[in-house]
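For reference, the structure is listed below as structure tokens.
As the structure is a prediction and not an experimental result, all values here were calculated from the model. Throughout, a chain's letter reflects where its sequence line sits, starting with A, and its residues are numbered from 1.
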Number of protein chains: 2
Amino acid sequence: MSNSTRDIDALIELMAKLPGLGPRSARRAVLHLIRKRALLLMPLADMMHAVAVTARECLRCGNIGTTDICDICTSPKRATGEICVVEDVADLWAMERSGVFKGRYHVLGGTLSALDSVGPEDLRIPQLVTRLDSENITEVILAVGATIDGQTTAHYIADQLQGSVKLTSLAQGVPIGGELDYLDDGTITAALNARKEM
Amino acid sequence: MSNSTRDIDALIELMAKLPGLGPRSARRAVLHLIRKRALLLMPLADMMHAVAVTARECLRCGNIGTTDICDICTSPKRATGEICVVEDVADLWAMERSGVFKGRYHVLGGTLSALDSVGPEDLRIPQLVTRLDSENITEVILAVGATIDGQTTAHYIADQLQGSVKLTSLAQGVPIGGELDYLDDGTITAALNARKEM
């Protein structure tokens, strides 16, 4: 590649750093962008700039928004006394899409991990303890992943909060639309153990 | 999502239009970008803007560069009398990475297709015919895909150029590092028919 195409090469290199894109798919994406210069490339450059300028982490819950304290934390409607603890902003967004939870969130920013030396201070767990009092929390829903690290984190948080608040976790069982044949043994066991009378 | 996060939503929607990304992976990519604001999001926005301003199709061969006539078309070193005909800019880039071809290119921009009503005029085939004389071309290498549409296009171009120039196509056979066990019947047949004495 010659000198005058170095911007294109640099763009491909940057795009290849996105999760889910490698060098080959980044090349494809950049060619697509150049072909759709007015419809896609220009708007995308502008919107990335806008988001880079305005996006920030909520100082209270860790959600990503455009203000220091996010809309969910400032809305009085969401002061239900319930806090849903999630691992990641993506999980918070997934909960919001379902629209079923009316309270506030607390984003941990990961899970405890001895291997990666992630401790409680790295996960906003002290901030969670502080919020319990300042926001009159009555229930903490531990909506972390059903992985080993997720469950370790849930147990650690439960230990920390024991006695001061009602603690719950998401139900485990057969997903809606799920066929038993395709489910793993762990899920089937959990669903059978938590069976309900009809 | 509330009003103040609409830029983030708009960015996710634009990212989801890239080939290889869907709504879910676009969300993941945008979260990643926001977390790496200084290292990735800002440079990416700037570089997209730069490419949007400078990138253009070479008027002669269809390559993408930053000048009206690309570096390959202007370089006197590449005036070897050989033109390599490829379907797409991505194919041109792949050929350039191998570094084996020293001549110039002609990017068709697709393949002939009755179903999608893509005719010869849509594929720069008339421009190819014009270039043969103006650039003293002695050999045209048809480096199109070994698909049905690709081969149809190759046959059409061969018909158009017959007699005026030497026509060649890429060899077909076992890929380097390829194991026979994993190859399709067509490739094995082609490789056997084109077998060489050692």
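- Comment: B/E82 does not engage B/K102 in a salt bridge, judged by the lack of any side-chain N to carboxylate O separation of less than 4.0 angstrom.
- For the set A/D46, A/D88, A/L39, the entry with the most heavy-atom pairs within less than 4.5 Å of chain B is A/D88.
- Heavy-atom pairs under 4.5 Å with chain A were tallied for B/L40, B/V89, B/V53; the largest tally goes to B/L40.
- Ranked by heavy-atom pairs shorter than 4.5 Å toward chain B, the options A/R35, A/R56, A/M15, A/R97 are led by A/R97.
- Heavy-atom pairs under 4.5 Å with chain B were tallied for A/E57, A/K36, A/R27, A/M42; the largest tally goes to A/R27.
- Interface remark: B/R28 contributes backbone and side-chain atoms alike to the contact with chain A (heavy atom separation under 4.5 Å).
- Counting only N and O atoms by type, the side chains of B/T74 and B/D71 include no donor and acceptor under 3.5 Å apart.
- Looking at A/I72, neither its backbone nor its side chain comes within 4.5 Å of chain B, counting heavy atoms on both sides.
- Residues A/H106 and A/R124 bring no donor and acceptor atom of their side chains to less than 3.5 Å of each other.
- If you tally non-hydrogen atom pairs under 4.5 Å between each of B/G20, B/P19, B/A10 and chain A, the highest count goes to B/P19.
- Applying the 6.0 Å contact sphere to CD of B/E13 captures no more than 12 heavy atoms from other residues, nucleotides or ligands.
- The candidate with the highest count of non-hydrogen atom pairs below 4.5 Å against chain A, out of B/A52, B/A45, B/A55, is B/A52.
- A side-chain donor-acceptor contact under 3.5 Å links A/T187 and A/D184.
- Contacts of A/I34 with chain B are made by side-chain atoms alone, with heavy-atom separations under 4.5 Å and no backbone atom involved.
- In this structure, a donor-acceptor pair under 3.5 Å is present between the side chains of B/T168 and B/E139.
- If you measure heavy-atom distances from A/H32 to chain B, the contacts under 4.5 Å come from the side chain alone.
- Look at A/E96 and A/R78 and you find a salt bridge, because one of the NZ, NE, NH1 or NH2 atoms lies within 4.0 Å of a carboxylate O, short of that distance.
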